[in-house]
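The structure under discussion appears below in the form of structure tokens.
Computation of the quantities below employed the complete heavy-atom set of this structure, encompassing side-chain atoms and omitting hydrogens, waters and symmetry-equivalent molecules. By convention here, the first residue in the shown sequence is residue 1.
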Amino acid sequence: MAIHNLFVPRARLATFNVQLRIEDLNNVPPLNGLFYVKWRLQDYSGSTPRAPVVNREVRWSQAVEKSADISIAKEGVLAPCELKISIKQEVYPHVHMRVGALTVNLSEYARLSGSSRRYFLQECRLNCTLKLSICVSQSGGPDSYDVPPLDRSMVLTDLNDMITNENNARGGRENSSMGNSFSSKQHSAAHNHRKPATSATSVHTNTTRSNTTETSQSRALLPIDNTNVRELAPFQRSSKKNQQIIDDVFFSPPTLPS
């Protein structure tokens, strides 16, 4: 039990099993030397083996499992339980440089079944991210408490989470557009369903107009039968002189001026 929990009543002290896995450190420039991680959790501490940089990555996959007692505050919220991590580089056997540090509040993970995330390092000049897998499960004590919200300021969103969120947002937009398209199609179908009578009347009117125009054009293009001129009623009872005038006007070939 941690020293600061010695004076906490057992009714306000919950016990948790902490499973930690220190995965890797990525985005590391090709540097010489070996890298390792030192960690501390309440009264426990340890370190990972030394590992070199391979393809801009340092991989440890070191598993740690410890028990932690976390007190419940008067407000009913779990008190902070800090996991402190420090990444160091061993340049020479007796020369060690600090690459970065990280502090994780394990109380925030008490109700999570398991979490695997990348974290930005504090005081880091290499722009590296550390991947940790954390699982905090209760093994004893009271279970009526609230968990503090997860601090995402140092968490790098995983690529899979980004893809999942983008697909969900895109699916929502596609469903919305499909619904709007279906609604517009229904409106168009209903509007077209009310049009047939008007369309039929319009077609009939256009057809009638077309037939009338064609008849007028065909009549205008018919050849004139000159014999009908002789049978005109006003001239059938005329004298020979009038008849001669009609023949000269209508049937005599034109005389061109010389």
Query raised in the report: Roughly how far, to the nearest 0.5 Å, is the CE atom of Met154 from the OG1 atom of Thr103?
Result: 9.0 Å

Report task. Find out if a path of hydrophobic residues (ILVMFWY) with successive side-chain heavy-atom gaps under 4.5 Å connects Leu34 to Ile87. Result -> no

Query raised in the report: Given the rule in the side chain to side chain donor-acceptor pair (under 3.5 Å) test, do Asn17 and Ser67 qualify, once you have shown the distances and angles that lead to the verdict?
Result: CA-CA 5 Å; Asn17 183 37; Ser67 178; 5.9 Å; no

Query raised in the report: Can you find a heavy atom in the side chain of Ser61 that is under 4.5 Å from one in the side chain of Glu23?
Result: yes

Query - Hydrophobic cluster identity match, Phe16 and Val77, side-chain contacts under 4.5 Å - result: no

Requested in this report: Please assess Glu57 against Lys131 for the test side-chain contact (heavy atoms from CB on, under 4.5 Å), listing each intermediate value before the final yes or no.
Outcome: CA-CA 11 Å; Glu57 180 185 74; Lys131 184 176 182 180; over 6 Å; no

Query raised in the report: Can you get from Leu126 to Tyr119 by hopping between Ile, Leu, Val, Met, Phe, Trp and Tyr side chains that sit under 4.5 Å apart?
Result: yes

Query raised in the report: Would Val136 and Ser107 satisfy side-chain contact (heavy atoms from CB on, under 4.5 Å), going step by step from the backbone distance to the final call?
Result: CA-CA 8 Å; Val136 180; Ser107 299; over 6 Å; no

Query raised in the report: Mind checking whether Ile134 and Leu112 sit in one hydrophobic cluster, side chains of I, L, V, M, F, W, Y counted as touching below 4.5 Å?
Result: yes

Query raised in the report: Under 4.5 Å between any side-chain heavy atoms of Leu121 and Leu25, yes or no?
Result: yes

Query raised in the report: Which pair of heavy atoms, one from Pro142 and one from Ala14, lies closest together, and at what distance?
Result: O-CB, 3.8 Å

Query raised in the report: Rounded to the nearest 0.5 Å, how far apart are CD of Gln62 and OG of Ser47?
Result: 8.0 Å

Query - Between CD1 on residue Ile85 and CG on residue Leu41, distance to nearest 0.5 Å - result: 10.0 Å

Query raised in the report: Within a radius of less than 6.0 Å around CZ of Arg40, do more than 12 heavy atoms belonging to other residues, nucleotides or ligands occur?
Result: no

Requested in this report: Report whether Tyr44 and Leu106 are members of the same hydrophobic cluster (ILVMFWY, side-chain heavy atoms less than 4.5 Å apart, transitive linking).
Outcome: yes

Requested in this report: Kindly indicate whether the side chain of Lys38, heavy atoms from C-beta on, has any atom under 4.5 Å from the side chain of Arg98.
Outcome: no

Report task. Taking the six-membered ring of Tyr145 (Phe, Tyr or Trp), confirm whether the NZ or CZ of Arg111 is under 6.0 Å from its centre and within 45° of its axis. Result -> yes

**Report entry** Side chain to side chain, Tyr109 and Val104, heavy atoms closer than 4.5 Å
**Finding:** yes

Report task. Run through Gln89, His96, Glu90 and flag the one making a side chain to side chain donor-acceptor pair (under 3.5 Å) with Tyr36. Result -> His96

Report summary line: Tightest non-hydrogen contact, residues Gln42 and Asp69, listed as NE2-O, 2.8 Å

Query raised in the report: Is there side-chain contact between Gln138 and Asp143, with heavy atoms separated by less than 4.5 Å?
Result: yes

Query - Side chain to side chain, Leu130 and Trp60, heavy atoms closer than 4.5 Å - result: yes

Report task. For residues Val18 and Leu83, determine if any side-chain heavy atom of one lies less than 4.5 Å from a side-chain heavy atom of the other. Result -> no

Query raised in the report: Residues in side-chain hydrogen bond (donor to acceptor under 3.5 Å, both in side chains) with Arg56, at least two apart?
Result: Asn27

Query raised in the report: If you take all heavy atoms of Cys124 and Cys128, which pair is closest and at what distance?
Result: SG-N, 3.9 Å

Query raised in the report: Is the backbone N or O of Val37 less than 3.5 Å from a side-chain atom of Thr48, with the two atoms forming a donor-acceptor pair by type?
Result: yes

**Report entry** Sequence-distant partners of Ser139, side-chain hydrogen bond (donor to acceptor under 3.5 Å, both in side chains), two or more places apart
**Finding:** none

Query - Test side-chain contact (heavy atoms from CB on, under 4.5 Å) applied to Val91 and Met97, step by step - result: CA-CA 7 Å; Val91 183; Met97 298 177 59; 3.6 Å; yes

**Report entry** Nearest atoms (heavy-atom pairs only) where Val147 meets Ala110
**Finding:** CG2-CB, 4.1 Å

Requested in this report: Report the C-alpha distance between Leu78 and Ile72 in whole Å, list the side-chain angles of each, state the deciding distance to 0.1 Å, and finish with yes or no for side-chain contact (heavy atoms from CB on, under 4.5 Å).
Outcome: CA-CA 5 Å; Leu78 287 179; Ile72 303 174; 3.9 Å; yes

Requested in this report: Could you grab the distance from atom SG of Cys135 to atom CD of Gln19, nearest 0.5 Å is fine?
Outcome: 5.0 Å

Query raised in the report: Between the main-chain N or O of Val58 and the side-chain N or O of Asp24, is there a donor-acceptor pair closer than 3.5 Å?
Result: no

Report task. Report yes if some heavy atom in the side chain of Leu102 is under 4.5 Å from a heavy atom in the side chain of Leu132; otherwise report no. Result -> yes

